[in-house]
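Residues: numbered from 1 along the sequence shown. Just follow the structure's listing: the first ligand is 1, and inside any ligand the first atom is 1.
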Amino acid sequence: MRTPTRPTIPIAKPQLGEEEAAAAREAILSGWVTQGPRVLAFEAAFGHAVGAAHACAVSNCTTALHLALHVLGVGPGDEVVTVSHSFIATANVVRYCGATPVFVDIDPRTFNIDPAGVEAAITPRTKAIMPVHQMGLPCDLAAVLAVATRHGLPVVEDAACAIGSEIRLADKWERVGRPHGTIACFSFHPRKIVTTGDGGMLTTNDPALDAKVRSLRQHAMSVPDTTRHAAKRVIFEEYPEVGFNYRMTDIQAAVGAVQLRRLPGILARRVELAGRYARALAGLPGLVPPHVPDYARPNYQSYPVRVTADCPVSRNGLMTRLLACMISTRRGIMNAHQEAGYVTAGPYRLPESEAARDGTLLLPLFHSMTDEEQEYVVACLRRATGSAR
Ligand SMILES: *Cc1c(COP(=O)(O)O)cnc(C)c1O
């Protein structure tokens, strides 16, 4: 392989510019820097963007998921049916509640929860179902919701990566996060497609749940400080239960509002890049582009490629060869059950999750990726798999 002279092509890159910097500056100089007017405005814009009646901003998606399970009453002795094949936060938040995650295997084509496995995993201790829209590809929510309805269980959608993704339910295309389950949770970590540095959002259509998460994200304080600030008389607040400090700052929210305006452009470019990858991969042996079911329009937060036995190079070999070309890749999504905090609770039988972690690679895909950069990645893939003409 040629000695590369170009800078490394990263796996992902946030799309941030002068507008975000100006918005952060304005928030700082306003004198109100945490959970104030800019958080309220960002929540309204986000709710509008995904079609949710209520949106509540928090410090990150991990705290959003924890709050979601907490307000649904998940506690010690309970079980939450979810996937192991996800970022570790999905499993960890169940443990924060003192409950046990019950891991269901994935559909190997979509990397998402297998609905048949959900039904089989339900016990009298099951308190909630938590599917993930992995890498921004909507899961088979219609099937999961049917199981949930049959058993009278709430559904928390881990939509960390799924901002802007669309799902078809009852013959209507809608954005993930209306939500279609009970609560959906989003992440604004820089590895996702819209970022506030760190940040998270819960959406729900249930006003009572929204009121609860709003209170609990700020220590369950009975009177928010915005109210005390505006009050004409002295008010003393109370703390009727044990809450959390899961606030988002106004600086983050100011950045988020700008990012949200960029979302249509970000989505369009990602779909374009993903389409070009798919066409290029079609000619390469043993490399399988992501499968998109007819009920899903993904945002391509990540671009997973299956490396099958037909590929002349192993997955790890391919990652090494691409790195030598200054191209960053990542392995497939991790599995919580193979990590120290979970491994001893096994044995587990999750063969598809394990095969997906070890037989998949994520290719670089980001808004500002140029056509030339993508062509270079494809050319290197072609050479690395021995398909160069
Ligand atoms: C990133 C991610 C999270 C955690 O989000 P944070 O905002 O970093 O806390 C949770 N679940 C999934 C599936 C993720 O990809």
Identify, with sequence neighbours excluded, every residue that meets side-chain contact (heavy atoms from CB on, under 4.5 Å) alongside Ser30.
Trp32, Arg38
Any pair counted as ring pair (Phe, Tyr, Trp, His ring centres under 6.0 Å), so long as it reaches residues 281-300, sequence neighbours left out:
none
If you draw a 6.0 Å radius around CZ in Arg276, do more than 12 non-hydrogen atoms from other residues or ligands fall strictly inside?
yes
Sorted by chain and residue number, the side chain to side chain donor-acceptor pair (under 3.5 Å) partners of Glu119 (sequence neighbours excluded) come out as Arg150, His151
I'd like to check Val71 versus Val213 (side-chain heavy atoms, cut-off strictly below 4.5 Å). Are they in contact?
yes
Which atom pairs, nitrogen or oxygen on both sides, join ligand 1 and the protein at under 3.5 angstrom?
unit_1   : atom_1 : unit_2 : atom_2 : d
ligand 1 : 5 (O)  : Ser187 : OG     : 3.4
ligand 1 : 7 (O)  : Cys61  : N      : 2.9
ligand 1 : 7 (O)  : Ser187 : OG     : 2.7
ligand 1 : 9 (O)  : Asn60  : OD1    : 3.4
ligand 1 : 9 (O)  : Cys61  : N      : 3.3
ligand 1 : 9 (O)  : Thr62  : N      : 2.9
ligand 1 : 9 (O)  : Thr62  : OG1    : 2.5
ligand 1 : 11 (N) : Asp158 : OD1    : 3.3
ligand 1 : 11 (N) : Asp158 : OD2    : 2.8
ligand 1 : 15 (O) : Lys192 : NZ     : 2.6

Would you call the rings of Tyr96 and His66 parallel, tilted or perpendicular, taking 30° and 60° as the class edges?
perpendicular
